[in-house]
**Q** 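Could you have a look at this structure, given as structure tokens, before my questions?
Per chain, numbering begins at 1; letters A, B, ... match sequence-line order. Please read these numbers as outputs of a predicted model, since none were measured by experiment.
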Amino acid sequence: MHSPVKEQPKTEYKMSHQELSEQELIRRNSLQKLRELGIEPYPAAQYHVNATSADIKENYKEEANNFQDVVIAGRLMSRRIMGKAAFAELQDQEGRIQIYVNRDEICPGEDKTLYNEVFKKLLDMGDIIGVKGFAFITQMGELTVHVKEITVLSKSLRPLPVVKEKEGKTFDAFTDPEQRYRQRYVDLIVNPQVKDTFIKRTKIYNTMRQMFNEYGYHEVETPILQPIPGGATARPFITHHNALNMPLYMRIANELYLKRLIVGGFEGVYEFAKDFRNEGMDRTHNPEFTVMEIYVAYKDYKWMMEFTEEICERVAMALHGTTKVQLGEHIIDYKAPFPRVTMTDAIKEYTGYDISGKSEAELREICDKLGIETDETMGKGKLIDEIFGEKCEHNYIQPTFIIDYPVEMSPLTKKHRDNPELTERFELMVNGKELANAYSELNDPIDQRERFQDQLKLSEKGDDEAMFIDQDFLRALEYGMPPTSGMGIGMDRLTMFMTNSPSIQDVLFFPQMKPEKKAVELSEDEKKIFNLLQDDGEKQTYPLDELKIDSELSNKKWDKAIKGLTSKKVAKVENTDAGLTVTLL
RNA sequence: CGGCCUGUAGCUCAGUUGGCAGAGCAGCUGACUCUUAAUCAGCGGGUCCAGGGUUCGAAUCCCUGCAGGCCGACCA
């Protein structure tokens, strides 16, 4: 019988207390003292606030003598104590406001404990308090709340980074990217520009939602767990449903579901969708990201270009009050209309080659001449895509629609009304990157089936990103889908562009990170076994009997050490065909 | 996956040729009733990312690993 339940809390308790810093111990001590003074550091009752820092700052007028009975709450961000009086800053959702605390005013009687002990000693920066008082302007001219009453709302047990500022210069800023992303809550508390970026992000969503609703379109939700990951070419995450005993994929796109809804009779549907792609991560890619997809019946891609221009204009105006937005060294102007450039013209312009009507072999030759690497799995579509990606894409800094893509690289797109080699598709390029992707949706079920079959051939050729055949989607199309235009826009990228953020991590609250590993402390005997396992080549697996002999430990010591290693998740014991083995984790 | 850089106190960072672990802010003690990076005096605080190695001696040199950043590759 093992009893991990009994042992584990004990060690954890011990460990967590060993790790406490001096400042953390002092704060825990203050917490205790508050309770001894009859002050609950985590009160249950609601605290009725009647103003915010921004309210007071925007609307206080000395001559009007308003805000004479305000109640505000927030986090204590700085303190300047001068004997019997003190200034401090309180930070609420809207920002910071200075408060003035006078000993004899918060302690009118003989007992000065509330000021001398509670305010001066037991409260710290980072604590959340509520204050009741009146607004006034100090001799130095700063709008301040003169405190009459102070309430502890939440004691903070960890010291915050102290960021100071003078004349626009920031001192000791909390800048370590790892800590900022892992502890976004701290980042948000001490770096106001970070909060601003995320407020803008929400404003982008609200602006778009409002526009779509004005148009009468319908916001919907479609499955994230999909039996067939369709609608895009990308490697999916795979998971497993236990009760159904079947694999499920995390969606890489929601396109095929939204089109089913168009078949079902909705004439305009949209979804802000979290998509998941099991691919590389870099400055512009996170494994989970958000795409807004919209489908409108009886429209085509030309209409959708104008609609997309309106989105960009409205979003820029809502955020900045102008269509001109700073992005790195460029100023991007989202004023409509944006130029429309065909893919053929774009390639002609930047490479000199005319790709129209060229065969696969001819295209491969052009790639060779341009110094673009190719391989056997690449079809016509992919070759053209490579040329555009290598030689053209990065040139489109100002918003530009690239239109009329080759049919091979757009399996869900209607063939061009004038040229069957092309499709009615556009991508909106901004700052050399794809921001939106749209087409006149393919609604010919027989054509769609053939396109899927072409994808299947690509897949057999070795393209592991080619699309699966979604039979139910084809069945839906066979019932008839009205001519429809659809568009997808990368919300993370849009937010980056609109907030001048160089990295996707700056526009995601919680970007994906490898887990923090806690240093595991091992006993002498545990280390001995650990080292034996570590030295055992790459596999780091050892037959249990052999390991025990090699460790030269007594039965008792061996037992204790190996149990210690398994309970700390350093190694595991497995019962295999070959007998018991020990593997390093 | 490859190259470069980073990891030292709660935060921001120094740390010389390998020779006692440092500063500012924060913290603690005290002074101070309109300050604002408040000020003044004093004090405490370290798994130098982890594990090995070289050495009389390692934050520093070497190896391995972990985490992060930037660039590139792959990838839309």
Side-chain angles (χ1 to χ4, degrees), chain A residues 18-27 29-30 77-89 96-105 115 120-121 124-126 136-144 146 156-183 186 190-191 232-235 252-253 275 277-285 287 289 291 373 382 385-386 388-389 393 409 427 433-435 437 463-465 488 490 493 502-503 505 511 513-522 527 530-531 534-535 584:
Chain A
Q18 272 171 352
E19 284 164 12
L20 287 181
S21 69
E22 185 193 29
Q23 293 192 46
E24 288 173 297
L25 289 168
I26 287 164
R27 284 176 181 233
N29 198 23
S30 300
M77 295 305 288
S78 74
R79 288 195 304 168
R80 295 177 285 278
I81 293 170
M82 304 157 302
K84 299 180 187 68
F87 287 93
E89 278 176 300
R96 292 188 186 186
I97 191 162
Q98 180 169 268
I99 61 173
Y100 173 74
V101 182
N102 184 299
R103 186 192 70 181
D104 296 329
E105 297 204 39
Y115 183 79
K120 277 171 74 176
K121 298 206 174 143
D124 292 289
M125 276 164 47
F136 76 110
I137 304 229
T138 66
Q139 285 169 18
M140 302 299 289
E142 177 145 353
L143 177 59
T144 301
H146 189 124
S156 163
L157 297 181
R158 281 177 189 264
L160 283 171
V162 183
V163 183
K164 297 204 171 184
E165 204 187 301
K166 187 181 188 179
E167 287 157 10
K169 269 185 262 175
T170 305
F171 299 83
D172 300 329
F174 180 60
T175 52
D176 178 34
E178 180 169 1
Q179 291 197 76
R180 287 185 46 224
Y181 302 146
R182 287 195 196 281
Q183 301 189 63
V186 175
V190 304
N191 291 329
T233 53
R235 272 191 289 276
I252 55 174
D275 287 344
R277 295 187 183 176
N278 202 345
E279 292 170 349
M281 289 168 60
D282 60 32
R283 209 173 69 258
T284 57
H285 295 85
F289 60 101
V291 175
E373 281 185 42
K382 200 129 197 188
D385 193 24
E386 283 296 316
F388 181 77
E393 195 174 54
M409 54 194 287
E427 285 192 2
K433 306 252 162 54
E434 171 197 342
L435 178 60
N437 180 20
D463 185 343
D464 58 357
E465 287 184 344
R493 204 164 272 183
S503 164
Q505 295 170 117
M513 293 275 224
K514 285 200 178 187
E516 302 174 78
K517 263 188 194 155
K518 272 191 198 156
V520 189
E521 292 222 25
L522 302 180
K527 273 183 197 161
F530 180 76
N531 289 337
Q534 207 173 31
D535 291 342
L584 213 54

**Q** Measure distances between side-chain N and O atoms of A/Gln23 and base N and O atoms of B/G27, and say whether any donor-acceptor pair falls under 3.5 Å.
**A** no

**Q** Look at the side-chain N and O atoms of A/Arg182 and state whether any lies under 4.0 Å from the OP1 or OP2 oxygen of B/G68.
**A** yes

**Q** When the P atoms of B/A37 and B/G19 are considered, how many whole Å apart are they?
**A** 40 Å

**Q** My understanding is that only residues two or more places apart in sequence, or in another chain, count here; which of them pass side chain to side chain donor-acceptor pair (under 3.5 Å) with A/Tyr100?
**A** A/Asn102

**Q** Can you establish whether the number of heavy atoms outside A/Arg158 located under 6.0 Å from its atom CZ is more than 12?
**A** no

**Q** Under 3.5 Å, which protein N or O atoms sit close to an N or O of nucleotides 69-74 of chain B? Give each pair with its distance.
**A**
unit_1 : atom_1 : unit_2   : atom_2 : d
B/G69  : OP1    : A/Gln505 : OE1    : 2.5
B/G69  : OP1    : A/Gln505 : NE2    : 3.3
B/C71  : OP1    : A/Arg283 : NH1    : 3.4
B/C71  : OP2    : A/Arg283 : NH1    : 3.1

**Q** Can you tell me the Watson-Crick or wobble partner of B/C48, both distances under 3.5 angstrom?
**A** none

**Q** Just the table, please: protein N/O against nucleotides 1-4 of chain B N/O, every pair under 3.5 Å.
**A**
none

**Q** Which nucleotide wins on minimum distance to the side chain of A/Ile26, given the candidates B/C28, B/G68, B/U12?
**A** B/C28

**Q** Can you tell me the base-pairing partner of B/C70? Count Watson-Crick or G-U wobble geometry only, both distances below 3.5 Å, and say none if there is no partner.
**A** B/G3

**Q** Without decimals, in angstroms, what is the distance between A/Phe174 CZ and B/G68 P?
**A** 15 Å

**Q** According to a strict under-4.0 Å criterion, is A/Lys121 in side-chain N/O contact with OP1 or OP2 of B/G30?
**A** yes

**Q** Among residues at least two apart in sequence or on other chains, which ones pass side chain to side chain donor-acceptor pair (under 3.5 Å) with A/Asn437?
**A** A/Arg425

**Q** Can you check the A/Glu24 CD to B/C28 P distance for me, whole Å?
**A** 14 Å

**Q** Is a donor-acceptor pair below 3.5 Å formed from side chain A/Glu22 to base B/G27, judging by atom type as modelled?
**A** no

**Q** How does protein reach along nucleotides 34-43 of chain B, written 5' to 3' as B (base within reach of a heavy atom under 4.0 Å), S (only sugar-phosphate), or - (no contact)?
**A** BBBBB-----

**Q** In whole Å, what is the span from the CG atom of A/Asp176 to the C1' atom of B/G10?
**A** 13 Å

**Q** Judged by modelled atom types alone, do A/Ser21 and A/Gln23 share a side-chain donor-acceptor pair under 3.5 Å?
**A** no

**Q** Just to verify, what does A/Phe171 make a ring-ring contact (aromatic ring centres under 6.0 Å, His included) with, not counting sequence neighbours?
**A** none

